Amino acid sequence: MVGTVPRSLVDWMWPFVRCFTGSTWGHVLVLVAGALLSPGRRTVSAALRVMDLDQSGTAA
């Protein structure tokens with residue numbers, strides 16, 4: 001999962017890694033990246049859409 005977001009985002013979010021379980025961490029990174037890139041309202045749906053995961057069976 002970490003391979004799908006820029007390394008700079010992982011480094012920026014690293015202070016928060018202990019707030020999440022290992023399996024959740026990758027999802028957090030994808031949602032934060034999507035929220036930063038999405039235009040307009042920053043909803044979970046918009047974040048997944050911009051990361052091209054809106055039609056995926058699994059969120060991330």
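Computed from a predicted structure; not experimentally measured.
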Listed by chain and number, what are the side chain to side chain contact (heavy atoms under 4.5 Å, CB included) partners of T21, not counting sequence neighbours? S23, T24
A46: partners by side chain to side chain contact (heavy atoms under 4.5 Å, CB included), with sequence neighbours left out: S38, T43, R49
Can you name the nearest heavy-atom pair linking A47 to A35, along with the distance? CB-N, 3.7 Å
What salt bridge (Lys or Arg N to Asp or Glu O under 4.0 Å) pairs are there with at least one residue in residues 14-34, not counting sequence neighbours? none
Strictly by salt bridge (Lys or Arg N to Asp or Glu O under 4.0 Å), give each pair with a member in residues 35-45 just once, sequence neighbours left out. none
Is there side-chain contact between [X] and [Y], with heavy atoms separated by less than 4.5 Å?
X   : Y   : value
L29 : F20 : no
V28 : F16 : no
V50 : L36 : no

Hey, can you tell me if W14 and W25 have their rings parallel, tilted or perpendicular (30° and 60° cut-offs)? perpendicular
